[in-house]
Amino acid sequence: MTSGIPVFVNGTRIEIAPGATALDAVSRWDPVAARLLESGGRTLTDSRGLRLDAATPVYPGAIFRVVGTRDADAASADTDES
């Protein structure tokens, strides 16, 4: 039996403690990616490509994606209604 919450970061399933944040999940997945996220070199999105705050609480089945800031800008432009 596991005690962690299952979440996905860039397609990889990890288990993280209850009360953790998306940044904690990214850090567990890849510490370098977490540092880039903190420094603004990468952006965090959900499964739909919508930007998320790194302090977002994890929940079972959450899908987080660490993307280049340019990729996130392009995804946002694709979903904007004009």
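Every value quoted in this text rests on a predicted model; they were computed, and no experiment measured them.
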Query raised in the report: Which value, rounded to the nearest 0.5 Å, describes the distance between R51 atom CZ and L44 atom CG?
Result: 10.5 Å
Report task. Report yes if the side chains of L52 and T45 come closer than 4.5 Å at any heavy-atom pair, otherwise no. Result -> no
Query raised in the report: How many angstroms lie between atom CG of D30 and atom CZ of R35, to the nearest 0.5 angstrom?
Result: 8.0 Å
Query raised in the report: Given I14 and F8, is the side-chain contact (heavy atoms from CB on, under 4.5 Å) satisfied, shown in steps?
Result: CA-CA 6 Å; I14 63 165; F8 297 86; over 6 Å; no
Report task. Please report the C-alpha distance between T21 and D24 in whole Å, then the side-chain angles of each, then the deciding distance to 0.1 Å, and finally whether the side-chain hydrogen bond (donor to acceptor under 3.5 Å, both in side chains) criterion is met. Result -> CA-CA 5 Å; T21 65; D24 296 329; 3.2 Å; yes
Requested in this report: Could you pull out the closest heavy-atom pair between V7 and A25, with the gap in Å?
Outcome: CG2-CB, 4.1 Å
Report summary line: In short, P18 meets S3 closest at the heavy-atom pair CD-O, 4.0 Å
Using residues 55-68 as the side-chain source, report each donor-acceptor pair under 3.5 Å to any protein atom, sequence neighbours left out, with the distance given to one decimal.
residue, atom, partner, partner atom, Å
T56, OG1, D53, O, 2.6
R65, NH1, S47, O, 2.7

